[in-house]
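Throughout, a chain's letter reflects where its sequence line sits, starting with A, and its residues are numbered from 1. Not measured: the values here are computed from a predicted model.
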Number of protein chains: 2
Amino acid sequence: MSSELRGFELPLRLLLGFRVLIDELHEELARQGHPRMRPMHGFVFQAIMRAGGRYGTTAADLGRALGVSKQAAGKTIDTLEGLGYVRPGHDPGDARRKTYTLTPHAYDALERSEQIFEDLRGQWAETIGEDRLRAMVEDLRKVTPPDAFQLDTPQWFNAP
Amino acid sequence: MSSELRGFELPLRLLLGFRVLIDELHEELARQGHPRMRPMHGFVFQAIMRAGGRYGTTAADLGRALGVSKQAAGKTIDTLEGLGYVRPGHDPGDARRKTYTLTPHAYDALERSEQIFEDLRGQWAETIGEDRLRAMVEDLRKVTPPDAFQLDTPQWFNAP
DNA sequence: ACCATATAGACAACGACCTTGTCTATCTTA
DNA sequence: TAAGATAGACAAGGTCGTTGTCTATATGGT
């Protein structure tokens with residue numbers, strides 16, 4: 001950081017911290033049988049779990065959960081289906097709904113992600129101290145919205 | 001956060017912290033005469049200052065600094081020129097180079113950004129304590145690369 | 001001084017991902 | 001039972017990135 005731009009350091013370090021964790025996560029996931037999984041997908045998996053009804057999640061549900069159009073969500077689902085992470089189903093009570101549920105492959109990715117994040121967290125704790133790391137997360141919770149899931153990150157970053 | 005996804009909280013909070021700061025920055029910048037400025041642009045301004053030669057920065061320079069192709073950097077520069085943030089110049093020693101420099105309007109945006117970030121930082125300090133905030137940045141410095149400027153964030157997030 | 005190589009920039013084609021709009025089928029509700 | 005809402009399919013278009021190609025200009029070895 002140049003000295004004349006001191007104020008930029010906080011946001012920059014937050015972004016870099018996120019990137020470091022996500023990059024290392026996906027390097028390790030690639031080694032563990034998930035080479036095609038993208039940073040976006042973990043968020044999408046969680047949105048699919050949250051947004052779904054009794055018989056699964058539709059593209060329209062997912063679009064609402066992610067803050068994108070149903071068409072965009074539909075294309076994301078097509079990609080995930082091609083990668084074997086979701087599988088189509090149907091809602092017996094509503095013939096319009098084409099639902100999707102996560103496959104065991106997706107749950108495997110989520111479980112491995114959880115383990116890898118815990119390992120990375122352990123490395124951070126070794127570097128900065130367990131108490132300081134706990135304080136960091138606790139403090140970030142105080143300054144961020146409690147239940148944010150509409151990330152829509154890619155577009156947001158340089159949207160019109 | 002659901003309890004079964006505890007490991008996701010650290011990266012998620014880092015991303016949300018970044019988003020909160022950037023969103024509030026740009027809301028305020030919009031009020032202060034920079035309504036068309038995008039999150040990407042602040043990074044680009046800094047890259048233009050860093051990457052440039054004696055007579056300014058070329059699209060090729062900027063592309064290298066940002067980690068994108070010279071064509072993509074050229075389009076970004078066209079946008080910034082249209083918004084009045086950069087102005088073309090030339091290098092008397094090299095007729096190939098079409099250089100660009102930041103305009104006073106861009107420096108105005110950078111100075112206002114600096115001030116707004118300091119205000120936001122002050123709000124965070126009130127919420128979590130000045131010492132804890134300083135500790136957070138210090139700790140993040142220990143776990144992130146010291147001099148990262150190849151953010152290429154939009155593409156990275158859901159690249160192929 | 002000369003020629004091979006590298007680089008800047010312009011232009012074109014294309015791909016990924018998002019958007020809006022439209023259409024039909026199906027569900028819900030007054 | 002009819003009106004309105006919603007799901008999904010399809011098409012067209014925008015933004016932003018990519019690679020490839022071409023010309024003009026520098027640079028460096030001979």
Side-chain angles (χ1 to χ4, degrees), chain A residues 36-41 43-44 47-48 51-83 86-101 150-160, chain B residues 36-41 43-44 47-48 51-83 86-101 150-160:
Chain A
R36 309 281 304 279
M37 190 163 163
R38 304 297 320 155
M40 194 67 197
H41 295 167
F43 293 101
V44 175
I48 288 174
R54 186 144 162 18
Y55 298 99
T57 307
T58 67
D61 294 336
L62 180 60
R64 278 188 293 268
L66 292 175
V68 298
S69 64
K70 61 182 180 178
Q71 292 87 339
K75 291 177 190 177
T76 299
I77 284 181
D78 289 345
T79 302
L80 292 179
E81 189 178 1
L83 295 174
V86 300
R87 164 168 54 72
H90 66 283
D91 183 337
D94 188 339
R96 291 171 308 173
R97 290 172 63 85
K98 187 168 174 187
T99 62
Y100 291 87
T101 51
Q150 301 230 356
L151 298 171
D152 51 86
T153 299
Q155 286 318 93
W156 152 80
F157 201 73
N158 49 9
Chain B
R36 307 281 305 278
M37 189 164 163
R38 304 298 320 152
M40 194 68 197
H41 295 165
F43 293 100
V44 174
I48 288 174
R54 189 148 160 13
Y55 298 100
T57 306
T58 67
D61 295 335
L62 180 59
R64 279 186 292 269
L66 291 177
V68 300
S69 65
K70 62 182 180 179
Q71 291 88 338
K75 292 175 190 178
T76 299
I77 285 182
D78 290 345
T79 303
L80 291 179
E81 188 179 3
L83 294 174
V86 300
R87 166 167 53 72
H90 66 283
D91 183 336
D94 189 339
R96 290 171 307 174
R97 290 171 62 85
K98 186 167 176 187
T99 62
Y100 291 88
T101 52
Q150 301 230 355
L151 297 172
D152 53 83
T153 298
Q155 287 317 91
W156 151 81
F157 200 75
N158 49 9

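Distance, Ile77(A) CD1 to dC18(C) P: 12 Å, rounded to whole Å. Between Leu66(A) atom CG and dT19(C) atom C1' the separation is 15 Å, expressed in whole Å. Between the P atom of dA16(C) and the CZ atom of Arg36(A) lies a distance of 11 Å, rounded to the nearest Å. The distance from atom NE2 of His90(A) to atom P of dT26(C) is 14 Å, rounded to the nearest whole Å. A straight line from CG of Leu83(B) to P of dT15(D) spans 13 Å, rounded to a whole angstrom. Rounded to a whole Å, the CG atom of Leu80(A) is 16 Å from the P atom of dA16(C). Atom P of nucleotide dG4(D) and atom CZ of Arg96(A) are separated by 16 Å, given to the nearest angstrom. The interatomic distance linking Asp78(B) (CG) with dC11(C) (P) rounds to 11 Å, in whole Å.
Across the interface with DNA chain C, nearest-nucleotide mapping of Asp94(A) and Asp61(B) shows Asp61(B) to be the residue nearer the 5′ end.
Within the 4.0 Å cut-off from OP1 or OP2 of dC18(C), not a single side-chain nitrogen or oxygen of Ser69(A) is found. For Arg97(B) and dA24(D), the shortest distance from a side-chain N or O to OP1 or OP2 is not below 4.0 Å. A close approach under 4.0 Å does not occur between any side-chain nitrogen or oxygen of Arg64(B) and OP1 or OP2 of dT7(C).
Among the atoms of the strands shown, only primed sugar atoms or phosphate atoms (P, OP1, OP2) are found under 4.0 Å from some heavy atom of Thr58(A). Among the protein residues, Lys75(B) comes within range of the nucleic acid bases, having at least one heavy atom under 4.0 Å from a base atom.
Qualifying side-chain hydrogen bond (donor to acceptor under 3.5 Å, both in side chains) partners for Asp91(A), counting only residues two or more places apart in sequence or in other chains: Arg97(A).
Closest to the side chain of Gln71(A), out of dA6(C), dA7(D), dA11(D), is dA11(D). Comparing atom distances between the Ala72(B) side chain and each of dG17(D), dC27(C), dG8(D) picks out dG17(D) as nearest. In the set dT18(D), dA7(D), dG9(C), the nucleotide with an atom closest to the side chain of Lys70(B) is dG9(C).
Under the side-chain contact (heavy atoms from CB on, under 4.5 Å) rule, Val44(B) has a single partner from Thr79(B), Val86(B), Leu62(B), Ile77(B), which is Leu62(B).
Tyr55(A) OH to Asp94(A) CG: the interatomic distance, rounded to the nearest 0.5 Å, is 11.5 Å.
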- Message: Apply side-chain contact (heavy atoms from CB on, under 4.5 Å) to residues Val68(A) and Thr76(A) and explain how you reach the verdict.
- Response: CA-CA 11 Å; Val68(A) 298; Thr76(A) 299; over 6 Å; no
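Listed here is the closest heavy atom pair of Ala65(A) and Ala51(A): CB-CB, 3.7 Å.
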